[in-house]
**Student:** 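One structure, pasted below without further comment.
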Amino acid sequence: MTKKERIAKYGEVFTPKHIVNEMLDTLPLEMFYPEKTFLEPTCGEGVFVIEILKRKFANCKKRKDYTIALQSIYAMEIQADNVEKCIQNVIDLCGQYFKPNTAEVEIINDHIIQADSLKVLKMLNDGSLELKV
């Protein structure tokens, strides 16, 4: 499917990195502590996820903090190829800070999923889905 077809069919438009950073700059610095939770309901290839993790990683003091930061990020995306790209982008980012172990790669794979976030949010709202964190 071409980029134009994906835009027409799914409304797929990626937020430029500089806009993402401008938006994140409006948040208090403590939002980027490793344990603070983020949900990205339409992650695409992971621009928000990557920029959030960069800021969280800057606040990591011990190896364990990196794992906590990874555990605090959740992302959904409707397109399978974007999910794969987002996961790979996160693994690549981790490699710039530390070598992710098997458990951390599993966290990344479990926390970045293919899903229609609108349907998930509707199910949460009507009680037909319960989150277990």
Side-chain angles (χ1 to χ4, degrees):
M1 186 178 294
T2 67
K3 183 177 180 176
K4 190 173 183 175
E5 290 170 328
R6 287 174 74 119
I7 290 170
K9 185 170 182 175
Y10 299 105
E12 182 179 84
V13 179
F14 297 120
T15 308
K17 183 178 167 181
H18 74 278
I19 302 270
V20 168
N21 279 312
E22 285 178 24
M23 292 171 71
L24 294 177
D25 287 345
T26 67
L27 297 174
L29 294 177
E30 60 268 13
M31 290 302 299
F32 301 103
Y33 291 167
E35 69 280 359
K36 296 293 185 176
T37 302
F38 278 87
L39 168 64
E40 166 55 287
T42 57
C43 69
E45 296 177 350
V47 178
F48 273 98
V49 173
I50 293 298
E51 295 307 316
I52 290 166
L53 280 172
K54 284 180 183 177
R55 292 166 188 239
K56 286 174 156 286
F57 288 170
N59 288 305
C60 292
K61 292 179 176 63
K62 297 179 267 182
R63 180 68 170 81
K64 179 180 151 187
D65 294 337
Y66 291 100
T67 304
I68 292 168
L70 288 174
Q71 290 171 325
S72 73
I73 298 285
Y74 297 87
M76 292 183 264
E77 170 57 36
I78 199 165
Q79 296 294 334
D81 60 330
N82 288 341
V83 172
E84 290 175 25
K85 182 69 173 164
C86 181
I87 289 170
Q88 190 57 56
N89 288 340
V90 171
I91 291 170
D92 292 347
L93 175 69
C94 290
Q96 295 173 27
Y97 293 85
F98 62 96
K99 185 178 181 338
N101 61 35
T102 304
E104 289 160 339
V105 171
E106 188 174 320
I107 290 166
I108 295 165
N109 281 295
D110 287 347
H111 285 222
I112 303 171
I113 63 168
Q114 182 180 6
D116 182 335
S117 60
L118 292 176
K119 288 181 182 173
V120 170
L121 293 172
K122 181 183 181 304
M123 292 169 65
L124 286 169
N125 191 47
D126 70 19
S128 62
L129 178 66
E130 185 178 316
L131 280 182
K132 294 180 181 170
V133 183

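Both backbone and side-chain heavy atoms feed into the values below; hydrogens, waters and symmetry mates do not. Counting from 1, the numbers follow the sequence of the chain as shown.
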**Student:** Tell me whether the count of non-hydrogen atoms from other residues, nucleotides or ligands lying under 6.0 Å of CE in M1 goes above 12.
**Tutor:** yes
**Student:** What about Y33 and F98, same hydrophobic cluster or not, with Ile/Leu/Val/Met/Phe/Trp/Tyr joined at side-chain heavy-atom distances under 4.5 Å?
**Tutor:** no
**Student:** Please round to the nearest 0.5 Å and tell me the distance separating atom CD1 of I113 and atom CD1 of I87.
**Tutor:** 10.0 Å
**Student:** Nearest 0.5 Å please: distance from the CG atom of L53 over to the CZ atom of F32.
**Tutor:** 10.5 Å
**Student:** Does N125 reach the main-chain N or O of L121 with its side chain, forming a donor-acceptor pair under 3.5 Å?
**Tutor:** no
**Student:** Which atom names give the shortest non-hydrogen contact between T26 and M23, and what distance separates them?
**Tutor:** OG1-O, 2.6 Å
**Student:** Which pair of heavy atoms, one from C86 and one from G46, lies closest together, and at what distance?
**Tutor:** SG-CA, 3.5 Å
**Student:** One pair to check against side chain to side chain contact (heavy atoms under 4.5 Å, CB included): N82 and Y10. What are the steps and the verdict?
**Tutor:** CA-CA 12 Å; N82 288 341; Y10 299 105; over 6 Å; no
**Student:** Check whether any side-chain N or O of D65 sits under 3.5 Å from a backbone N or O of P34 as a donor-acceptor pair, and report yes or no.
**Tutor:** no
**Student:** Under 3.5 Å, which donor-acceptor pairs do the side chains of residues 13-21 form with other protein atoms, sequence neighbours left out?
**Tutor:**
from : atom 1 : to  : atom 2 : distance (Å)
N21  : OD1    : R55 : NH2    : 3.1
N21  : ND2    : K17 : O      : 3.4
N21  : ND2    : E51 : OE1    : 3.4

**Student:** Are N59 and K36 close enough, and set up right, to give a side chain to side chain contact (heavy atoms under 4.5 Å, CB included), and what steps lead you there?
**Tutor:** CA-CA 11 Å; N59 288 305; K36 296 293 185 176; over 6 Å; no
**Student:** When you compare the side chain of E77 with that of V49, does any pair of heavy atoms fall below 4.5 Å?
**Tutor:** no
**Student:** Restricting to non-hydrogen atoms, name the atom on C94 and the atom on P100 that form the minimum distance, rounded to 0.1 Å.
**Tutor:** CB-CG, 3.9 Å
**Student:** Who are the side chain to side chain donor-acceptor pair (under 3.5 Å) partners of Q96, not counting sequence neighbours?
**Tutor:** none
**Student:** Are M76 and V47 joined in one hydrophobic group, where the rule is that I, L, V, M, F, W and Y side chains link up if heavy atoms are under 4.5 Å apart?
**Tutor:** no
**Student:** Rounded to the nearest 0.5 Å, how far does CG of L118 lie from CE of M123?
**Tutor:** 13.0 Å
**Student:** Please name all residues satisfying salt bridge (charged side-chain N to carboxylate O under 4.0 Å, His left out) with D116, sequence neighbours left out, ordered by chain then number.
**Tutor:** none
**Student:** How many angstroms lie between atom NE2 of H111 and atom CD1 of I73, to the nearest 0.5 angstrom?
**Tutor:** 10.0 Å
**Student:** Can you tell me how far the CG atom of D110 sits from the CD atom of Q71, to the nearest 0.5 Å?
**Tutor:** 10.5 Å
**Student:** Measure the spacing between CZ of F48 and CG of L24 and express it to the nearest 0.5 Å.
**Tutor:** 6.0 Å
**Student:** Applying the 4.5 Å side-chain criterion to the ILVMFWY set and letting contacts propagate, would L70 and L93 be lumped into a single cluster?
**Tutor:** yes
**Student:** Same cluster or not: I107 versus V90, using hydrophobic residues (I, L, V, M, F, W, Y) connected whenever any side-chain heavy atoms lie under 4.5 Å apart?
**Tutor:** yes
**Student:** How about E106: does its CD atom have over 12 heavy atoms from other parts shown lying under 6.0 Å from it?
**Tutor:** no
**Student:** I'd like to know if the side chain of E12 reaches the main chain of I7, judged simply by a donor and an acceptor atom lying under 3.5 Å from each other, with no hydrogens or angles considered.
**Tutor:** no
**Student:** Are I68 and V105 connected into the same hydrophobic cluster when the rule is that any two of I, L, V, M, F, W, Y join if their side-chain heavy atoms are below 4.5 Å apart?
**Tutor:** no
**Student:** Report the residues that fulfil ring pair (Phe, Tyr, Trp, His ring centres under 6.0 Å) with Y97, sequence neighbours left out, ordered by chain and then residue number.
**Tutor:** F57
**Student:** List for me each residue that meets side chain to side chain donor-acceptor pair (under 3.5 Å) alongside S72, sequence neighbours excluded, and say none if there are none.
**Tutor:** K56
**Student:** Does any N or O in the side chain of E84 come within less than 3.5 Å of the main-chain N or O of D81, such that one atom is a donor and the other an acceptor?
**Tutor:** no
**Student:** Could you tell me which residues satisfy side chain to side chain donor-acceptor pair (under 3.5 Å) with S128, sequence neighbours excluded, listed by chain and number?
**Tutor:** D126
